[in-house]
Amino acid sequence: VQLQASGGGLVQAGGSLRLSCAASGRIFSRCSVGWFLQAPGQEREFVAGINGRGDSTYNSDSVKGRFTISRDNAKNTVFLQMNDLKPEDTAVYYCAVSDNGYLSGIFQSRPDLYHHWGQGTQVTVSS
């Protein structure tokens, strides 16, 4: 499967961005998708996940109430709407696809359960 993440950029604190992850090569509705971030010198962190049907999502505590993950299976695309951005959100954001479309809850946060990774998109939040 090929993944293309886009939508990153430079934004001021309090602003919004919408990331997109376009996938090809698999029956997308059978795949769970996760967003992860990695800041310079830091470990990769889970941000948000969604199951194949789109009826189960899970967010990290740091983004609850600010970020929303959604998907459009007809367009093979997953979105991450990021509102009220903070400087600490600055990182490269990666989307990842799991061949298991039934990941739910905390299992969506486990990077070892994802099989395909995109190239990342940079998000920079200025104070």
Side-chain angles (χ1 to χ4, degrees):
V1 63
Q2 290 78 46
L3 300 174
Q4 181 70 43
S6 61
L10 173 64
V11 64
Q12 288 188 333
S16 298
L17 284 173
R18 189 192 197 201
L19 304 185
S20 298
C21 177
S24 61
R26 293 195 70 84
I27 300 175
F28 191 58
S29 61
R30 296 180 181 178
C31 300
S32 299
V33 179
W35 284 98
F36 294 79
L37 66 82
Q38 188 164 22
Q42 302 295 317
E43 296 289 322
R44 182 174 52 193
E45 296 179 14
F46 169 75
V47 178
I50 189 167
N51 69 344
R53 295 187 303 184
D55 58 4
S56 175
T57 62
Y58 186 73
N59 286 2
S60 69
D61 289 341
S62 63
V63 305
K64 280 180 181 176
R66 300 189 299 123
F67 292 9
T68 303
I69 188 170
S70 62
R71 66 190 297 159
D72 184 341
N73 284 341
K75 296 182 178 179
N76 281 12
T77 304
V78 168
F79 305 98
L80 185 68
Q81 178 66 44
M82 305 188 296
N83 298 329
D84 189 23
L85 282 159
K86 304 176 181 180
E88 51 264 41
D89 296 322
T90 296
V92 177
Y93 284 71
Y94 298 90
C95 62
V97 166
S98 171
D99 294 339
N100 180 350
Y102 298 99
L103 292 182
S104 63
I106 196 168
F107 292 99
Q108 294 175 350
S109 69
R110 287 180 48 180
D112 62 308
L113 296 182
Y114 292 87
H115 305 94
H116 313 279
W117 292 79
Q119 85 289 357
T121 184
Q122 176 71 46
V123 171
T124 303
V125 185
S126 63
S127 56

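Predicted, not measured: the structure shown is a model, and the values here were computed from it. Throughout, numbering of the chain's residues begins at 1 and tracks the sequence.
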Requested in this report: For Asp55, check side-chain hydrogen bond (donor to acceptor under 3.5 Å, both in side chains) against everything at least two apart and list the hits.
Outcome: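 Asp55 satisfies side-chain hydrogen bond (donor to acceptor under 3.5 Å, both in side chains) with Asn51, Arg53 only.
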
Report task. Could you tell me which residues satisfy side-chain hydrogen bond (donor to acceptor under 3.5 Å, both in side chains) with Ser60, sequence neighbours excluded, listed by chain and number? Result ->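 With neighbours one apart ignored, the set is Ser62.
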
Show every salt bridge (Lys or Arg N to Asp or Glu O under 4.0 Å) that has at least one partner inside [range], sequence neighbours left out.
range: residues 115-127; answer: none
range: residues 99-111; answer: Arg26-Asp99, Arg110-Asp112
range: residues 70-92; answer: Arg66-Asp89

Query raised in the report: Taking the hydrophobic residues Ile, Leu, Val, Met, Phe, Trp and Tyr, and joining any pair whose side-chain heavy atoms are under 4.5 Å apart, which ones share a cluster with Phe46?
Result: Phe36, Tyr58, Val92, Tyr94, Leu103, Ile106, Phe107, Leu113, Tyr114, Trp117

Requested in this report: Among Ile, Leu, Val, Met, Phe, Trp and Tyr joined by side-chain contacts under 4.5 Å, find the other residues sharing a cluster with Ile50 and list them by chain and number.
Outcome: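 Direct or chained contacts put Ile50 with Val1, Leu3, Val11, Leu17, Leu19, Phe28, Val33, Trp35, Leu37, Val47, Val63, Phe67, Ile69, Val78, Leu80, Met82, Leu85, Tyr93, Val97, Val123, Val125.
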
Main-chain N/O of [Y] paired to [X] side chain as donor or acceptor, under 3.5 Å:
X: Thr68; Y: Gln81; value: no
X: Gln108; Y: Ser56; value: yes
X: Asn73; Y: Gly52; value: yes

Residue pairs passing the disulfide (SG to SG under 2.5 Å) test where at least one lies in [range], sequence neighbours excluded:
range: residues 62-93; answer: none
range: residues 34-75; answer: none
range: residues 91-127; answer: Cys21-Cys95

Query raised in the report: Are there more than 12 heavy atoms of other residues, nucleotides or ligands under 6.0 Å from atom CD1 of Ile27?
Result: no

Query raised in the report: Nearest 0.5 Å, what's the CG-CD distance between Leu10 and Gln122?
Result: 9.5 Å

Query raised in the report: Which side-chain hydrogen bond (donor to acceptor under 3.5 Å, both in side chains) pairs, counting each pair once, include a residue from residues 2-24, with sequence neighbours left out?
Result: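 Residue pairs passing side-chain hydrogen bond (donor to acceptor under 3.5 Å, both in side chains), neighbours aside: Gln2-Ser24, Ser16-Asn83.
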
Requested in this report: Would you please name every residue forming a disulfide (SG to SG under 2.5 Å) with Cys31, sequence neighbours left out?
Outcome: none

